[in-house]
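Letters A, B, ... are given to chains in the order of the sequence lines, protein chains preceding strands, and every chain is numbered from 1.
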Amino acid sequence: MNINQLIFRNLKKNLRNYYLYVFALVFSSALYFAFVTLQYDPSMDAVEGSVKGEAAIRAASILLVVIVSVFLLYANNIFIKRRSKEIGLFQLIGMTKSKIFRILSIENLFLYFGSLLIGIFAGFSFSKLMILVLFKTTGVDSIASLRFSPQALLQTVLVFTAIYLLIMIMNYTFIKRQTILSLFRVTSSTEITVKKLSRFEMVMGIVGLVLITTGYIVSSKLFGGDFTTMPQLFGAMIFILTAVILGTYFFYKGSVSFLLNLIRKRKGGYLSINEVMSLASVMFRMKSNALLLMIITTVSALSIALLCLAYISYYSAEKTAEKNVPHDFSIIDRESADTFQSALKKNNIPYSEKSIEVVQVTVNASQLIDRSLDELTINPKAMPLPLISEKSVSGMEVSRDEVVFTGYDDLLQKFMPLKNSGTIKIKGKTETLTQRYVGLEDIYPVSWYFTAGGVPTAIVDDAIFKKMKKDIDPKVQKESSLYIGVDIKNKEQLEKADKLFKSTETYKKLYNESRHEISTNQKKNMGLMMFIVGFLGLTFLVTSGCILYFKQMDEGESEKPNYMILRKLGYTQSDLLKGIQYKQLFNFGIPLVVGLLHSYFAVQSGWFLFGAELWTPMIIVMVMYTILYSIFGVLSVLYYKKVVREAL
Amino acid sequence: MLSIMKLSERGNKIMSILKAVKLHKSYGNKNNKQHVLKGIDLSVEKGEFISIMGASGSGKTTLLNVLSSIDQVSEGTIHINSFEMTAMKEKQLAEFRKNHLGFIFQDYNLLDTLTVKENILLPLSITKTPKKEAEKKFEQVATELGISEIKDKYPNEISGGQKQRTSAARAFIHEPSIIFADEPTGALDSKSASDLLNKLSGLNENRQATILMVTHDPVAASYCSRVVFIKDGQIYTQLMKGEQDRQSFFKDIMKTQGVLGGVHHEH
């Protein structure tokens with residue numbers, strides 16, 4: 001057999017064993033090529049024009065390269081170790097190291113660039129789909145036509161060639177460093193040392209759990225008002241990150257074995273097959289993969305959290321817009337309103353108008369708020385608030401000595417919580433009224449121009465309002481004291497009305513706003529964000545899933561003798577397979593659950609900065625992630641099935 | 001099965017636990033066939049401690065594998081405890097192994113992620129024996145084999161001799177019909193080996209356990225009550241210990257081995 005045949009045979013054998021590696025390679029090159037194609041495609045201008053899509057996509061493509069190269073280097077590391085015996089054998093029969101390196105390089109060249117070629121083809125067809133998805137999520141109306149871009153091809157080939165060279169350098173140093181003897185001795189990376197749980201590990205296990213829990217607790221209080229200054233807030237975030245990441249490491253290093261050991265102790269030596277296969281093996285193996293698992297968990301938590309937040313913000317775009325712009329159109333002066341309304345009439349679009357008189361008053365609310373926010377320059381003793389009459393809000397009844405607050409921004413509420421009762425002082429130019437505070441409503445009656453984007457609106461009795469109107473302090477007044485909301489009666493005409501609105505003079509004036517426009521803009525921004533985070537997340541999911549799968553392949557091979565013993569003892573294949581499913585529940589389930597928990601707490605701590613809906617978008621994202629991730633668990637079980645069958 | 005038992009009672013004969021008739025085993029395809037077992041007849045009685053000896057390549061390991069249901073015969077029948085194993089399917093075989101067979105291997109075959117006790121209790125866990133009963137059986141067998149002290153240790157924390165005794169305890173704990181031992185002393189030093197063999201013959205006597213051992217060590221064979229010699233896939237001869245002591249039985253074995261030829265003393 002000559003060298004060429006040898007290479008060819010190796011290639012065939014490897015292709016069968018590492019189909020998932022090939023798949024991951026094809027997948028990542030396809031994704032990269034698709035991204036770069038998008039970057040160079042003229043039809044992207046439609047997206048870019050509004051949201052600076054190119055910069056975002058370029059940043060994403062760099063991240064993509066980082067993920068992909070780390071993954072490929074790591075996978076290569078696993079494979080070369082697996083083949084160390086073969087390399088040792090070649091050396092034993094007299095091949096020189098450089099010849100072996102040449103064989104490996106050529107073999108890799110075929111495997112690698114073959115996959116790259118397929119990947120580029122797939123990526124090109126894929127990019128059409130991607131741009132369709134992108135247009136759909138961002139709401140851009142444009143025809144998705146794609147040209148083949150030689151620039152994109154060149155960039156992709158260059159980047160992947162660089163990664164290939166890196167891999168070759170790694171292989172070269174690996175072969176150079178090894179002696180024949182050590183090549184035969186290189187143990188597979190999942191080799192385990194079985195020892196009694198040391199006290200140190202127990203302590204580490206407990207510390208890990210404590211760290212994670214503390215991180216979670218602090219994260220749930222992050223915006224609870226305990227950290228009010230920026231340095232405090234920043235410090236708290238750093239603390240959470242460190243505690244959780246370090247805690248995750250300790251968790252894998254110690255807590256898993258610690259907890260499983262507790263369960264095992266209780267069995268008194270009498271283990272069922274499921275426990276034999278799962279508890280006993282997971283206990284020792286997780287420890288040796290602690291660092292890898294920590295990285296996988298942290299990055300997946302990060303990508304799930306980002307995806308959740310982007311989706312929350314996309315999902316609640318309309319609700320957010322409603323808070324800022326309570327009617328279809330918010331206009332702040334009569335003249336503009338008239339211009340717009342006559343245009344509506346001309347086009348036969350029926351509408352309704354709601355006008356509200358708003359005055360600005362200075363309020364001393366120190367009885368309700370006991371902390372001041374220096375960063376936001378809000379002083380509870382002299383807060384400028386918009387004031388409206390009870391008549392402006394339908395169904396609202398306020399007696400003469402009372403005041404109701406409404407539409408207090410969620411985020412601001414976290415920093416400056418209001419007490420449930422107390423009195424406030426409303427200052428006009430000369431007079432000061434003392435009103436009893438009776439509660440907070442969740443209605444947003446006027447646009448954000450009047451509320452400075454977040455402070456509550458005060459509602460008082462109509463007579464009091466009239467009194468205050470005569471006594472306004474000109475220093476705190478805004479230019480306009482009239483809010484005009486215009487609602488389109490037939491929502492189907494909304495888009496037409498929006499176009500009309502943009503064509504009139506009314507639109508040019510600042511603070512006259514269309515809710516439709518705000519909501520579509522938000523969707524565009526968040527759509528692109530979601531698109532990028534989504535595809536990056538997918539790449540990460542696939543690569544980390546592959547790494548876990550490769551690890552399981554190794555583990556399966558090294559546990560083969562155990563399966564032989566168990567089968568000799570009389571366990572059937574299906575007994576063993578059940579045990580393996582149970583074990584994979586741990587192997588894939590633990591990192592998944594920990595990752596989901598991390599991201600849950602991350603999202604929980606700050607989701608209100610991004611939108612108005614938490615549960616639906618978060619659960620959708622998490623369920624999707626879990627399903628995709630489980631595929632790798634299922635694939636690994638199928639692999640084990642083969643191992644078990646061959647064991648006896 | 002019932003009639004056989006009655007017959008043996010009436011005749012006051014010892015019932016045979018294992019009965020193999022005309023075993024043939026060949027590997028390979030039509031063009032390149034290798035005939036490993038060429039018609040072996042063997043029967044083992046209850047409470048017997050029997051060893052099978054033969055040179056490398058004589059077929060003794062293949063014989064053990066087919067007798068213990070791990071490999072299938074090409075021709076012939078095997079009955080264990082009157083069950084015809086050669087007619088069973090994979091699932092039934094597993095079922096059969098868990099209830100009727102015990103194994104001791106040269107390289108111990110302990111699960112290194114399980115403690116000594118957990119390893120020993122495995123066969124009881126398959127048959128879902130109640131925990132209390134399992135505990136009792138464990139105490140008993142662990143005392144007999146002298147491994148109570150190390151029950152919470154992992155296999156890589158104990159010596160080879162201790163590992164093999166653990167393996168033996170696992171083979172005995174569920175009181176199988178027959179125990180197959182494949183070169184159990186092969187990896188042990190001579191002291192641990194004689195220690196183990198003493199323990200095995202002790203168990204053989206106390207529990208009336210049936211043991212079939214494959215070995216090429218005449219010392220190990222001399223602990224048995226009967227030695228069967230195999231050459232080229234056929235039974236060459238057999239020796240009975242009878243009333244003689246171990247030393248003289250050992251000499252007999254050596255002599256036969258010399259006649260058999262080609263068998264080199266490896267210890």
Side-chain angles (χ1 to χ4, degrees), chain A residues 187 190-198 256-257 260-261 263-288 555 558-579 583 586 644-648, chain B residues 65 68-71 89-105 107-135 137-139 142 151-157 167 170-171 173-174 176 180 182:
Chain A
T187 44
T190 51
E191 194 82 356
I192 46 167
T193 44
V194 177
K195 267 189 299 189
K196 276 241 176 61
L197 205 60
S198 69
V256 172
S257 353
L260 294 184
N261 203 39
I263 300 175
R264 203 168 154 186
K265 275 259 169 66
R266 288 226 320 264
K267 303 277 173 193
Y270 193 62
L271 300 183
S272 76
I273 179 69
N274 285 352
E275 287 151 359
V276 169
M277 307 279 283
S278 56
L279 288 188
S281 131
V282 171
M283 214 173 121
F284 297 109
R285 289 187 188 276
M286 276 232 160
K287 238 184 324 197
S288 51
E555 206 174 302
S558 67
E559 289 207 342
K560 208 168 174 175
N562 287 357
Y563 302 151
M564 183 199 72
I565 300 170
L566 289 168
R567 284 190 63 188
K568 278 186 182 171
L569 288 180
Y571 287 106
T572 58
Q573 287 189 43
S574 64
D575 284 340
L576 291 188
L577 218 57
K578 238 180 267 162
K583 161 181 149 160
F586 281 90
V644 169
R645 198 174 50 232
E646 289 166 357
L648 194 66
Chain B
N65 281 347
S68 61
S69 82
I70 289 170
D71 208 345
K89 293 256 158 54
E90 150 79 25
K91 263 217 169 120
Q92 293 168 296
L93 279 177
E95 186 71 22
F96 185 77
R97 277 203 292 274
K98 73 170 90 148
N99 291 314
H100 294 275
L101 307 185
F103 290 94
I104 306 173
F105 305 94
D107 43 4
Y108 326 123
N109 277 355
L110 298 174
L111 296 187
D112 47 5
T113 50
L114 301 186
T115 62
V116 166
K117 187 179 180 186
E118 286 162 350
N119 261 299
I120 295 173
L121 284 177
L122 270 179
L124 295 184
S125 154
I126 326 177
T127 48
K128 305 208 164 60
T129 316
K131 207 170 166 183
K132 258 196 189 154
E133 202 186 319
E135 195 70 31
K137 284 187 172 171
F138 170 75
E139 287 303 330
K151 67 178 163 108
D152 288 326
K153 292 222 155 110
Y154 286 103
N156 63 4
E157 298 172 312
S167 176
R170 187 178 65 190
I173 194 162
H174 58 305
F180 293 100
D182 185 7

Proximity breakdown for [X] and chain A, heavy-atom pairs closer than 4.5 Å:
| X | value |
| --- | --- |
| B/Phe105 | side chain |
| B/Ser69 | neither |
| B/Leu124 | both |
| B/Lys128 | backbone |

Tell me, out of [options], who's got the most heavy-atom pairs with chain A below 4.5 Å.
| options | value |
| --- | --- |
| B/Pro176, B/Ser125, B/Gly102, B/Pro123 | B/Ser125 |
| B/Glu90, B/Glu135, B/His174, B/His100 | B/Glu90 |
| B/Leu122, B/Thr127, B/Thr115 | B/Leu122 |

Heavy-atom distance under 4.5 Å between the side chains of [X] and [Y], does that happen here?
| X | Y | value |
| --- | --- | --- |
| B/Leu110 | B/Ser167 | yes |
| A/Met286 | A/Leu260 | no |
| A/Arg264 | B/Leu114 | yes |

Within a 6.0 Å radius of atom NZ on B/Lys91, are there more than 12 heavy atoms belonging to other residues, nucleotides or ligands? no
Could you tell me whether A/Lys267 atom NZ has more than 12 heavy atoms of other residues or ligands within 6.0 Å of it? no
Which heavy-atom pair separates B/Thr113 from B/Tyr154 by the least distance, and what is that distance? O-CE2, 3.5 Å
What part of A/Leu566 lies closer than 4.5 angstrom to a heavy atom of chain B: side chain, backbone, both or neither? side chain
Per-residue contact mode, A/Ile273 against chain B (heavy atom under 4.5 angstrom): backbone
Could you tell me which residues satisfy side chain to side chain donor-acceptor pair (under 3.5 Å) with B/Glu95, sequence neighbours excluded, listed by chain and number? B/Lys98
